[in-house]
Amino acid sequence: MPGKPKFYLTTPIYYTNGLPHIGHTYTTVVADTIRRYKRMRGYEVVMTTGTDEHGVNVERAAKKAGIPESEFVAKMAAEWRALWEELGLGADEFVRTTDLPHVRTVQWLFRLCRENGYVYKGNYTGQYCIYDNAFVNDAKPGDNCPDCGRPTETITEENYFFKLSAFQRPLLDFYKKNPDFIQPESRRNEIVSFVEGGLKDLSITRTTIRWGIPVPGEEPHVFYVWFDALTAYLSAVGGPEFEKRGMWPADLHLVGKDIIRFHTVYWPAFLMAAMLPVPKQVWAHGWFLMDATKMSKSKGNVVLPRPIANMLGMDALRYFLLREVVFGQDGNFSYDALVTRYNSDLANGLGNLASRTAALIEKNFGGKIPKATECKPQDEALAKEVQAAIGEVLENYENLSFARALEAIWGVVASADKYLTTEQPWALGNSEKDQARKATVLWNAAELLRIVTVLAHPVLPASTAKVWTLLGLPGSVASVELDGLQWGQPAPGKQLGPAQPLFPRVDKNEAIERIEAMANEELNPAPPAKPAVSATPAGAAAAPQTAPEKIGIDDFAKVEMRVGQIKTAERIVGADKLLKLTVDIGTEIRQICAGIAQYYDPEKLIGRKVAVVVNLAPRKLRGVESNGMIIAAAVGPEGRPVLAGFPDEDVEVGARLK
């Protein structure tokens, strides 16, 4: 039996000068979506990301932090990797440019280029942008970088040069022979025009900085950042032994439009010089803008992914990024648009369809998907529409037209809502005829929901897994083969799984305030409290303990407490003291862990109203995420928890405690 076809894709190797913002997240979400889609099409997929850890910026940042460069980059790489894992975006390969296998790959590539006559030693004096890690051609002392607008620096040094000028014709021939190598077409035209204008030889080593990969036998030369960073794509899948791994050449490099020249001119030229295979395609996407300008930390307009994921769920952010903008173009980011689309498309759209369908099946058929016993013209029309949408969605995924794919999926969701509203199964009676019609309508709704779940999975992995469980379907939705997806596959009689909150509606203003507050806290962390200096002389008796420091009303007002009602409660395996609760707090249903398992039976907590702190940052307890805290008194010497509650009052769920 033949093996799976391979597909290798990469994000940029991100520079370690700060934590990921929405721009980095966008590229990585796209890569992860393609990875999930390709796996559902039967491919063996490897996705690579990583951190670019060399250069003068790192030297300066480490010096400012007062720590060695190696310690600085190790800390940054760990934080990048941890955040991607937290957001469900962990790569198959995470390469660091300080890793020894990568160092050896860079030195090997240099040796091949040098042996083939494409590297020579010379002197260079010119303007250098330390922020973009690039020499600026035709710039004079005092000029700003044309890309980022910040000052350039004049540098004179002995360099090794790469004969980029020798590759003008080979590159143009390659572009002509491989018209899809650069996408979208507007970027292809830009690069072809640039290369047709002539290429100058490129400095690929530096002697004025210390922190970099050394050129063997040519100290103090270290490799210039692009010869170093670009090679990470190859070192991630075997480096000099790439043929054993079988993943090179890359099928797809995903990059921002600002670095397309490095990936479509320098990188293929390096590989051609070394007589190595060239990647198959480079896709340059646009930027998410704030107030019509590119996001950057220096401008103070960055948007962070973690606060959004904590407030709305990572699937909501994934959906917004891929639905809001045509891939390849610039788009504008706003929290208002994000929350509006969350409520309209996810809460009122997919979330409502799933809960509505499940509730009707539960009420009318005991939670078992019924059998369709008739087929009217409107049923046939729905089935044909869904079947046609399958092909449309897959074609758009294949072309990286994510917005169009999602538009087609949500067109099916809208058709389902219209179908249910027209057929009104809730208004049908209990006669044999009405029951038969009711069964057909709800089977159709469940089948449509199954197909929507499969099609949306590459974009919404967490929530579609919940819908799959809700429908009582076997295995995982990720294992479904897209090529075999068609209407009418599941047999009736499946028992629905437990109901799970998908996309609870949120109040727009409250949601935006909470996201911005969490982002501000992440961008401007409070400095650690300084230990109090003791004024007691050595040997003197310690002063009596003072009363705890009092807080002001402003500090107390930061704590948001609401009335919640416990909907489910269960024990956590391996955690004797913890219960996992789902709690309705009025605006949404939260998952909260509470250390009360030794004193409360889970089943007796259902329906109980409790006091909940709702604006705590999420945290994991025994691997389970907790989004809030249940208030309890600590009674007796052992601190037995007694839940604060409202046993004798008719208090509305979600009411705020003051």
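Computed from a predicted structure; not experimentally measured.
- With Asn343 contributing its side chain and Val506 its backbone, the two residues share a donor-acceptor pair below 3.5 Å.
- A perpendicular orientation is assigned to the rings of Phe402 and Phe327, their planes being inclined by more than 60° (bins at 30° and 60°).
- Classification of Asp330 and Lys257 as a salt-bridged pair holds, one side-chain N sitting under 4.0 Å from a carboxylate O.
- Tested against Leu455, the residues Leu394, Leu460, Thr464 include a single side chain to side chain contact (heavy atoms under 4.5 Å, CB included) partner, Leu394.
- Shortest non-hydrogen contact noted between Val413 and Leu350 is CG1-N, 4.1 Å.
- Glu522 is linked by a side chain to side chain contact (heavy atoms under 4.5 Å, CB included) to Leu304, Arg306, Pro307, counting only residues two or more places apart in sequence or in another chain.
- Remark: Thr469 engages Gln500 in a side chain to side chain contact (heavy atoms under 4.5 Å, CB included) (not counting sequence neighbours).
- Listed by chain and residue number, Asp601 satisfy the salt bridge (Lys or Arg N to Asp or Glu O under 4.0 Å) test with Lys604 (two or more places apart in sequence, or in another chain).
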Exercise for review: Let me see the working for Val480 and Trp468 under side-chain contact (heavy atoms from CB on, under 4.5 Å), right down to the final yes or no.
Suggested key: CA-CA 11 Å; Val480 176; Trp468 195 256; 3.6 Å; yes
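- Taken to the nearest 0.5 Å, the CZ atom of Phe7 stands 6.0 Å off from the CD1 atom of Ile34.
- Atom CD1 of Ile515 is separated from atom CD of Glu510 by 12.0 Å, given to the nearest 0.5 angstrom.
- For Tyr37, the ring pair (Phe, Tyr, Trp, His ring centres under 6.0 Å) partners at least two apart in sequence or on another chain are Tyr397.
- Asn627 and Glu625 are linked by a side-chain donor-acceptor pair at a separation below 3.5 angstrom, with hydrogens and angles left out of the test.
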Review point. Between Gln591 and Leu581, does a side-chain contact (heavy atoms from CB on, under 4.5 Å) hold up when you go through it step by step?
Key: CA-CA 6 Å; Gln591 177 174 287; Leu581 313 173; over 6 Å; no
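- The stretch residues 460-483 participates, sequence neighbours left out, in these salt bridge (charged side-chain N to carboxylate O under 4.0 Å, His left out) pairs: Arg41-Asp483.
- Leu87 contributes atom CG, which lies 4.5 Å from atom CE of Met314 (distance to the nearest 0.5 angstrom).
- With rounding to the nearest 0.5 angstrom, the CD atom of Gln495 is 10.0 Å from the CD1 atom of Ile361.
- Listed by chain and number, the residues in a side chain to side chain contact (heavy atoms under 4.5 Å, CB included) with Glu560 are Arg562, Val614, Asn615, Arg656 (sequence neighbours excluded).
- With respect to Asp379 and Arg437, a salt bridge is recorded, a charged nitrogen being found less than 4.0 Å from a carboxylate O.
- The minimum heavy-atom distance linking Ala354 with Val467 is given by the pair CB-CG2, 4.5 Å.
- Here the closest heavy-atom approach between residue Gly286 and residue Tyr26 is recorded as O-CE2, 4.1 Å.
- With sequence neighbours left out, Lys368 forms a side chain to side chain donor-acceptor pair (under 3.5 Å) with no residue at all.
- A donor and an acceptor atom, one from each side chain of Tyr8 and Thr48, are located under 3.5 Å apart.
- Of the possible donor and acceptor atoms, one in the side chain of Lys609 sits under 3.5 Å from a partner among the backbone N and O of Val651.
- Considering every non-hydrogen atom in both Glu86 and Asn310, the closest pair reads OE2-OD1, 4.5 Å.
- Contact check on Lys38 versus Glu44 returns no salt bridge, with no Lys/Arg side-chain nitrogen under 4.0 Å from an Asp/Glu carboxylate oxygen.
- Between Trp84 and Phe94, a ring centre-to-centre spacing not shorter than 6.0 Å is recorded.
- Judged by distance alone, with hydrogens and angles left aside, the side-chain atoms of Asn520 form no donor-acceptor pair with the main-chain N or O of Glu516 at under 3.5 Å.
- Between the side chain of Thr27 and the main chain of Gly23, a donor-acceptor pair closer than 3.5 Å is present.
- Under the side chain to side chain contact (heavy atoms under 4.5 Å, CB included) criterion, Pro602 pairs with Ala569, Arg571, Leu579, sequence neighbours left out.
- When the ring pair (Phe, Tyr, Trp, His ring centres under 6.0 Å) test is applied to Tyr319, the partners found at least two apart in sequence or on another chain are Trp410.
- In plain terms, the two heavy atoms of Thr33 and Arg318 that are nearest each other are OG1-NH2, 3.3 Å.
- Look at Lys438 and Asp434 and you find no salt bridge, because none of the NZ, NE, NH1 or NH2 atoms lies under 4.0 Å from a carboxylate O.
- Within the 3.5 Å criterion, the main-chain N or O of Cys593 finds a donor-acceptor partner in the side chain of Ser626.
- A side-chain donor-acceptor contact under 3.5 Å links Asp315 and Ser463.
- Outside the 6.0 Å centre-distance limit, the rings of Phe320 and Tyr342 are not counted as a close aromatic pair.
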Exercise for review: Begin from the C-alpha positions of Glu79 and Leu83 and carry the test side-chain contact (heavy atoms from CB on, under 4.5 Å) through to its verdict.
Suggested key: CA-CA 6 Å; Glu79 290 180 357; Leu83 182 59; over 6 Å; no
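- Although no hydrogens or angles enter the test, the distance criterion places a donor-acceptor pair under 3.5 Å between the side chain of Ser334 and the main chain of Ala337.
- Residues meeting the salt bridge (Lys or Arg N to Asp or Glu O under 4.0 Å) test with Asp92, sequence neighbours left out: Arg35, Arg39.
- Here the shortest heavy-atom pairing between Thr357 and Ala446 reads CG2-N, 4.0 Å.
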Review point. After noting the C-alpha distance and the side-chain angles of Gln435 and Thr373, does the key distance pass the side-chain contact (heavy atoms from CB on, under 4.5 Å) rule?
Key: CA-CA 10 Å; Gln435 281 292 93; Thr373 57; over 6 Å; no
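- Ion pair Glu588/Arg590 flagged as a salt bridge, since at least one NZ, NE, NH1 or NH2 atom sits closer than 4.0 Å to an Asp/Glu carboxylate oxygen.
- Looking at Leu9 and His253, their side chains never come closer than 4.5 Å, going by heavy atoms from C-beta outward.
- Less than 6.0 angstrom separates the ring centroid of His24 from the ring centroid of Trp80.
- Here Ser415 pairs with Glu385 under the side chain to side chain donor-acceptor pair (under 3.5 Å) rule; sequence neighbours left out.
- Residues passing the side chain to side chain donor-acceptor pair (under 3.5 Å) test with Thr453: none are found, sequence neighbours excluded.
- Shown here is Glu380, whose CD atom has more than 12 heavy atoms of other residues, nucleotides or ligands within 6.0 Å.
- Side-chain contact of Gln486 with Gln387: a donor-acceptor pair under 3.5 Å is absent, judged by distance alone.
- Inspection of the Thr11 and Thr28 side chains reveals no N or O donor paired with an N or O acceptor under 3.5 Å.
- Within 6.0 Å of CD in Glu85 there are more than 12 heavy atoms belonging to other residues, nucleotides or ligands.
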Practice item. Evaluate side chain to side chain donor-acceptor pair (under 3.5 Å) for Glu423 paired with Gln378, printing each intermediate quantity in order. Key: CA-CA 9 Å; Glu423 298 302 315; Gln378 59 266 39; 3.2 Å; yes
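- Here Glu447 pairs with Arg450 in a salt bridge; the nearest charged N to carboxylate O distance falls below 4.0 Å.
- With Trp443 as the aromatic partner, Lys371 does not meet the cation-pi criteria of under 6.0 angstrom to the ring centre and within 45 degrees of the ring axis.
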